[in-house]
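Worksheet for the structure shown next.
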Amino acid sequence: MTTFLTAATEAVQLSPVFDSVRLAAELAAVTAHTWNVQRTHTYGGQVGLPAAIDWRVLPLRSLGGDPERTDPGGPGPLPFASTHWLSQLPYLGQILDEVPAPLNAVRLMALGPGAISDPHCDPKYRLDRGIVRLHIPVVTDPRAVLVLDGVEHCWQPGTLWYGDFSREHLVRNTSQTVTRVHVVIDALLTADLAGWFPDLAGTPHPRRDPAQPHRPDRSSRLARRAAVRGSAADRVRGLRLTRPA
């Protein structure tokens, strides 16, 4: 099927913008301990080896609500559920409640100073498989970047981004002092979530202060929602929205 993003689009900013100050302030509630190292989820439902770099995770939603699992999980008998860490982050919990789609794993991911990952691909996180990976930066630095399909990105705190992580990518933090922290959300694609995407691939969003939530006036919000949801529903109608095997 033809999606609403072009083949050249490796990442796009979605419409909501959140309060970056509140997001950063909440981190104090969950940073008194050292987070566990990032792990992958392998075929057969197994948890993979720990990352060899300073790449740490606080799971907010995980398989079975396990507060120690840092992998993204996958198909299996256990449902995704909130961990007790999420209850300590009320503003972030409110944001997650507003995402118009079923959520799988949600993780706070911290990339330490000097950490550089190997290039890799995450094949299932793509629109035509009906599952998307979204990012909300919380703490960042110009020297902490994502390189996605050869393009460097340094997304600003409080913004919301979709990336096609089925393409080759790596993360690199050459800062000497700043730990980059992103909220990473894995969600099933729905018509309502598609309505958060830009109407045209490559159309830039207006610049807004990321410390101020985006609150368009009611008439323009309702008109845009009706138009976008109608076109988005047409575009995603042919997708299988079940979890990929």
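In this chain, residues are counted from 1 in sequence order.
- In this structure, W35 contributes its side chain and V30 its backbone to a donor-acceptor pair below 3.5 Å.
- Put simply, the side chain of N173 never gets that close to the backbone of T179: no donor and acceptor are under 3.5 Å apart.
- Other residues, nucleotides and ligands place no more than 12 heavy atoms under 6.0 Å from the CG atom of D118.
- For the side chain to side chain contact (heavy atoms under 4.5 Å, CB included) criterion with F165, the lone passing option out of H120, R133, R126 is R133.
- Of the residues L58, T70, V184, V171, the one that meets the side chain to side chain contact (heavy atoms under 4.5 Å, CB included) test with M109 is V184.
- Residues V139 and L89 share a single hydrophobic cluster, defined by chaining ILVMFWY side chains whose heavy atoms lie under 4.5 Å apart.
- Checked by atom type and distance alone, the side chain of E152 never pairs as donor or acceptor with a backbone atom of G150 at under 3.5 Å.
- Shortest non-hydrogen contact noted between P67 and W85 is O-NE1, 3.5 Å.
- At least one donor-acceptor pair under 3.5 Å links the side chain of Y91 to the backbone N or O of D19.
- A donor atom on one side chain and an acceptor atom on the other are found under 3.5 Å apart for H153 and E10.
- The closest donor-acceptor contact from the side chain of R61 to the backbone of L103 lies under 3.5 Å.
- Smallest separation of non-hydrogen atoms from Y125 and P72: OH-CB, 3.6 Å.
- The local environment of CD in E98 is crowded, with over 12 non-hydrogen atoms from other residues, nucleotides or ligands closer than 6.0 Å.
- Ring geometry for Y162 against F197 counts as tilted: the plane angle lies between 30° and 60°, on a 0 to 90° scale.
- Residues L146 and L170 do not share a hydrophobic cluster, clusters being chains of Ile/Leu/Val/Met/Phe/Trp/Tyr side chains in contact below 4.5 Å.
- In terms of heavy-atom proximity, T177 sits nearest to S175 at N-OG, 3.1 Å.
- Using a distance-only test at 3.5 Å, with no hydrogens or angles considered, a donor-acceptor pair links the side chain of T190 to the main chain of P100.
- With respect to D54 and R56, a salt bridge is recorded, a charged nitrogen being found less than 4.0 Å from a carboxylate O.
- V147 and V178 fall into different hydrophobic clusters, where Ile, Leu, Val, Met, Phe, Trp and Tyr side chains are chained together by heavy-atom contacts under 4.5 Å.
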